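The structure appears right after this line, and notes come after that.
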Amino acid sequence: MTWRRPLLCSAVALFVTPTIPPPILDLDVGIPPGSPTAWGRRFPSITPRGGPLFAITPRAKKGPANGDPKQTPHTVAHPVEVPMNVHISTSYGVVRILTWDLEGHLRWVSRTPRAKSGPVTGPRPGQVVLPPVADGLYWANMASLLRLLLHPQLVSEQEMIAHLVEVGEPVLAALDNSVAESALEAPSKTIRRMVGATVGGNTPLAGKTPRDTMLRRFLAEELVKAYPYDPEGGFGRRFFLFADELEGAMVQYAREHTGVFLRRNATSALGRYGSMKASRALCDLAASTRDPVVLTRALAALGTFRTLPKDDRERLLKRMMAVTDPVEKIAFVTAASTPEAVPYLLRLARSARNRDMLQAVLATLIATPLPPGEAAVTAFAKNIALRAGSRPEQFQVAEHGGTKPDAPDTPRMRGEIMHQLALFLQARVGKAGNSAAKKVLAMVQKPGAAPKRPPRGPRGRPVARRTSYPNTSMSGVQPPAQMLFLETLKLLGDPGQDALAQIAADSTVDPVLRGHALTQLSWSRRGEIAAEIMDRGSTEAKIYAIEVLANDSHATLEKTCRKLLKDAARASSRPAPELRYLWLQALKALDRRGLLSTADVLALMPLPSAKEAGNDKLQDEAKARIQQLVASVAKGLSARALAKAIDDLLDWVFANGLNPRLARLDRRQVEDQVRKRLEGLRSRRTDKSVQARIANSLLVYLTGFRLGVSLQDRAEFRPVVLLEEEILLALGRTRTKEAGDALARFLDEKQGNRLRAHAALAVGMLGKLEFARHLVPVLSDPDGFTRFCAYESLRHLTRRDVWADWMYGDETARSLAATQYRKLVGGR
C-alpha cells in the first residue's frame, strides 16, 4: 500500500534550475506548498503493496505431494503480484534553498561538529549505533530550520517543530550547528526535549517458531540500519519484500520493544502498510504513547481519522483535548479532519492563544467533509475572514529576532494566509455560487491578464518570491494555502474545473502544485492534459501524468509505457532517479494489465546487470557529442537536420540523466536554450575559439558538470528507486522458459550482486521446477538474506521445507540442508 494520500498523488518536485529565474536574493530559502506536518509525507520512501510474495494454494485433499506428509504451500499458475512502490521526491521539492552561497552568510549552517575526544570503543552486543546523517537528510532538516528563522510569518512554528520531531534523531545534527543562531534557541530546545536520547538496543523479540525467531532477528537488524526519512538510505528495501509475513512482528516491535530507535522506526514502517491491522496499531500508539516521535509519526501515518472506526476516532479526539503540549496538540489537530471533530476544533479555535493553532484549525476544517450551510463553521469562517481582511496585521506572530533575508516577511503576511484560508472554508460550506466562491475563483490569474502587482515590504521594497517557480496562474496564493486552494477549486463546479485545468497545464507552476491540480480534475478532463504532458512535458510533470493515465486506464497508456521502456532499454548509464521512477511506473502499469511480455522485460536486463558508469566517461562522451553538433552547425545544417541533431542529443542527455536540474523543464524550453547558444555561430562559423566557447557553454548547461563540491551538490540527493529489483521480479512473473534462462544466467554470473536475492525470488515465481537447481549454489551465498531468498523459492518450487536458519545458523546445518535440496532438484 502507499501513503494515505490521494490515489494519484505520490510524486513530488525535482531539485533543478528554475524555468524563470527568481529574483536575486541575498539570503533566502523557499517554502514548500502546504503544511509542515505534511512535508514529511513527501520524503522519498519505499512502501509495500501487501499480499504474499508467492501465491498460496490450499492444501490438497488427496494424498501428500512427493511423499511429504506436511505439504507446505507452493506457487500456483498466477502468483499475486507484489512489486515495490517508491514514493518519489527529489531534492528541490524537499530542500528549496534559493541562495547557494548560503555558507557565506551563515557560517554555522555547514560547520563540521568537533570530534569527541577519548578512546573509541565498539558497541556492546545488542546496542544500536545510529547510522550517519547523510548530506541530503542534513540539508532537508537545515532548510526547515532556516524557514523558521527567515520566514516566521509564513511558517507555523509549532507545526514546523512537529515536523522536525517526526523526522527524529537525524534533526539533532542540524540543531548542533544552529546553536549559533539565538533566534532558533527556543524551538531547538523544544525539539531536543521531544526527540530526547536514543536509548536501548535492537535485541529481537522471541518468536514462536525457529523461522519466526530468525525473521524477527532479521527485522530488528534491518529496522536500525537506516533512517526512515533518509531519501538515500533505502529504509525497508529488504524487509518490505516479506511485508505480509512481518506485519505482526512490526506491530509488536512498535508497541513493546524497549529500544527507542527501533520502536520509532517500526512505527514509521507500519505507516507505510496502509492495512487495517497497521492502522489499528497506529491508532493505539497515537492514543497511548508517551514518546513524541512515535506520536507524530503515528499521526502522520494515519493522515486523517476518517478511515478509523467510530470508537477509535472518539478515543483520539479525547486525547487531542487532553494533551497539554502545544506541539503534540497541533499534530493531533492536523489529523482530525472528521465531522466528529468539528465541535472540538471550534472550541480550540475560540481558546487559541497563538496564531499557529488558529491556522491549523482553519486548515483542518477546510479538509473536513462538511454539509453545506454548517452554521457554526460558517460563522467561524466569516468572523476570521472579516478580521483578517480588514486588519491582517493583527495576526502577525511574534518574532525572535536574529538573521533576516533582504526582503523579510511583511506584518500583513500571516493575516493574508488566514484570510485566504477563511475564504476557502466559506466557499466549501456555503451554497453554490456564494460570494466567497467567486473570490476564490478570482484568485486564479487568467491567461494573458496583466500580472498582479507584487506585494511591497518595508519602505516599499518588493517582497521576494518564496519559491523559484513563478506560479503564474496562482501567484497570489500563499504557500501554506496552496494545496487547500486546489482542493477547494475542485468543489466549485465547472469554473473550478477550468481553473484546475489551467493550473495543471501551466509550466510556470511548481510541479508539486501542477500534479495536485491534475489529480483534482475530473477523470473526463485530466486524461487529455496528462497525455499532453507525457508528450512534451518535464520529467517531473510526467511522473504525475503517468499516474493519472495508469489510474484511469487511459487509451494512450500502453503506447506511452512502451515508449518509456524503449528509452530505458537504450540508456547507457544509471539515469537520474526521477527518470528511473518513470520507467518503473511504466513497467508496473503494463505488468498489472497483463501486457508485459518476456521480450519486453529481457530488453531491460542490461539495467540490473550493468555497473554504474562513472562521470568521467559520461563527460567525455557528452563533450564528443556536443562538439560534433557544434561542428556540424558551423558547416551548415538545414532547419530539419538541425532539429533532428538537437533532438538526438537531448534524447541521449535525458536518457542518461546527466543533469537532474533540467528534468523539471519542458523539453521545448531546453531546445530553445540550445538553439540560442548555437546562434552565436551565425557570424563566426570558422572561428575555432567561438566554437569552443559555445561547446563549453552547452556542456555546462546540458550536463551540469562543474569543478568542486558546492553546497548545491551536497544538498542534492538521489532517492532510491527499485527499478532493477522490479525488472527481475517482473521477469519471474512472466513464467516462461526464456525468463528462466535469463535468471539462471544472472544467478550464475552475478555473484556478489546485491540483486541476487531478487533474482532468486524471481526463479521461485517462475513456478518451473527445472530451474530450481540454479538456486542450490545460492544457498551458500555470503549474504544471509540472499540465502534465505533462495531457500524460499526452493521451498515453494519443491513443496518441501528443508529447514535451517539460513540467515544466522550454523554453516554445518545449512550445508546439510542444502545437500537435501541438491538431492531433490540436482545441481552443483
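Computed from a predicted structure; not experimentally measured.
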Is there a donor-acceptor contact under 3.5 Å linking the side chains of [X] and [Y]?
| X | Y | result |
| --- | --- | --- |
| S337 | T304 | yes |
| T37 | E159 | yes |
| Q502 | S473 | yes |
| Q482 | H516 | no |
| R297 | N265 | yes |

Test your reading of the model: is there a side-chain donor-acceptor pair from [X] to the backbone of [Y], 3.5 Å cut-off?
| X | Y | answer |
| --- | --- | --- |
| R272 | I46 | yes |
| T364 | V333 | yes |
| T289 | A286 | no |

**Request:** Find the distance between CE (M357) and CD1 (I330) and round it off to the nearest 0.5 Å.
**Result:** 4.5 Å
**Message:** Could you measure the distance from the CD1 atom of I31 to the NE2 atom of H151? Nearest 0.5 Å is fine.
**Reply:** 5.0 Å
**Prompt:** Should F240 and Y273 be marked as a side chain to side chain contact (heavy atoms under 4.5 Å, CB included) after you check the CA-CA gap, both sets of side-chain angles, and the distance that decides it?
**Reply:** CA-CA 9 Å; F240 275 142; Y273 273 84; 3.9 Å; yes
**Prompt:** With a 4.0 Å cut-off, would you call D498 and K446 a salt bridge?
**Reply:** no
**Prompt:** What about the rings of F261 and Y227, do their centers lie closer together than 6.0 Å?
**Reply:** yes
**Request:** Could you list all the ring pair (Phe, Tyr, Trp, His ring centres under 6.0 Å) pairs where at least one residue sits in residues 470-500, not counting sequence neighbours?
**Result:** F424-F485
**Asked** Going by the salt bridge (Lys or Arg N to Asp or Glu O under 4.0 Å) test, which pairs reach into residues 336-353, not counting sequence neighbours?
**Response** R313-E340
**Asked** Which residue pairs pass the salt bridge (Lys or Arg N to Asp or Glu O under 4.0 Å) test with at least one member in residues 246-266, sequence neighbours excluded?
**Response** E169-R264, R255-D284, R263-D291, R264-D291
**Request:** Applying side chain to side chain contact (heavy atoms under 4.5 Å, CB included), run through I384 and L362 and close with a yes or a no.
**Result:** CA-CA 9 Å; I384 298 297; L362 266 174; 3.8 Å; yes
**Message:** Does the plane of the ring in H163 sit parallel, tilted or perpendicular to the ring in W39? Use 30° and 60° as the thresholds.
**Reply:** perpendicular
